[in-house]
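The structure appears right after this line, and notes come after that.
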Number of protein chains: 2
Amino acid sequence: METQTDLLFRALADPTRRSLFERLCREGEQTVGALTATAGVSQPAVSKHLAALKAAGLVADRHEGRQTHYSPRTAALGPLADWTKDMAQFWEGRFDALEDLLSRMDQ
Amino acid sequence: METQTDLLFRALADPTRRSLFERLCREGEQTVGALTATAGVSQPAVSKHLAALKAAGLVADRHEGRQTHYSPRTAALGPLADWTKDMAQFWEGRFDALEDLLSRMDQ
DNA sequence: AGTTTCCATAACCTTGGAGTTATAGATGAG
DNA sequence: CTCATCTATAACTCCAAGGTTATGGAAACT
């Protein structure tokens with residue numbers, strides 16, 4: 001099964017795709033053409049990357065005439081932030097437990 | 001060129017590999033054998049995943065006799081947390097999402 | 001000594017996915 | 001209406017990488 005977290009991590013794994021998302025975060029809403037101009041890959045490649053980002057909830061699209069505007073949805077980064085915090089805390093928790101154990105043994 | 005951030009995101013993209021790292025964070029140091037027992041893939045596959053995690057700085061290994069113990073290095077998650085925070089902060093358009101994300105990361 | 005256990009590496013197979021070109025569909029311009 | 005422009009999709013190639021089995025090398029057991 002394909003969880004939402006899997007989708008998120010996989011979407012951010014590709015450098016080209018991550019670069020597109022970064023540009024949207026820095027510069028705000030962009031059309032496919034504008035993104036393609038400096039992406040370093042073809043327009044169909046950009047469209048496919050944007051589709052992957054959209055599937056992961058990382059971007060939203062808005063149609064205006066014949067162009068499509070994409071914008072970042074940073075709320076989708078929530079699970080990533082949660083996961084990172086959890087992993088760090090699990091380990092820090094054990095470290096605290098170790099310190100607690102050592103302090104008890106000192107007495 | 002292959003940046004450290006690329007390595008980090010790519011290492012965490014694979015579900016099996018991420019699961020191994022999660023187990024190390026939750027349960028602490030483990031031998032390859034212990035990890036293999038419940039990983040759902042073969043021992044060589046586990047070894048290769050651990051090598052990838054090590055290349056990304058996410059784990060450290062310690063040799064003891066004929067077994068190798070792996071432990072998490074949560075410090076390697078720093079760049080990931082920084083990147084997430086940066087992306088959220090660049091996007092100034094949606095303060096609700098930004099505040100929500102930052103509040104989750106603060107804790 | 002020989003044998004078994006633990007891990008890493010090699011060799012190989014297979015698949016997912018990132019890239020391409022070509023094209024269809026939709027909209028704007030002349 | 002006709003033609004150009006913008007984006008998405010189709011069809012295809014190619015390679016990175018995750019999976020396997022087989023094996024090598026080192027350490028522990030008998």
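Worth saying up front: this structure is predicted, and the values here are computed from it rather than measured.
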message = What is the separation between atom CG on Leu35(B) and atom P on dC6(C), rounded to the nearest whole Å?
response = 14 Å
key: Within 6.0 Å of CZ in Arg23(B), more than 12 heavy atoms from elsewhere   = yes
ask   = Short question: side chain of Arg73(B), backbone of Ala60(B) - any donor-acceptor pair under 3.5 Å?
value = no
ask   = Below 4.5 Å, heavy atoms only, C-beta onward: do Thr31(A) and Thr36(A) meet side chain to side chain?
value = no
ask   = Considering only heavy atoms from C-beta outward, does the side chain of Leu80(A) approach that of Leu80(B) to under 4.5 Å?
value = yes
query = Nucleotide by nucleotide, 5' to 3', does protein get under 4.0 Å of the base (B), only the sugar-phosphate (S), or neither (-) in nucleotides 7-18 of chain C, counting heavy atoms?
reply = BBB-------SS
task = Please check if the side chain of Arg17(A) supplies one atom and the backbone of Arg10(A) the other of a donor-acceptor pair under 3.5 Å.
result = yes
inquiry  = Quick one, Arg18(A) and Asp6(B) - any side-chain contact, counting heavy atoms below 4.5 Å?
reply    = yes
ask   = Quick one: are Leu53(B) and Tyr70(B) in side-chain contact, heavy atoms under 4.5 Å?
value = no
request  = May I ask you to decide if the ring planes of Trp83(A) and Phe21(B) are parallel, tilted or perpendicular, using 30° and 60° as cut-offs?
outcome  = tilted
message = Could you tell me the boundaries of the chain B footprint on DNA chain D, defined by atoms under 4.0 Å from its heavy atoms?
response = dA17(D) to dA28(D)
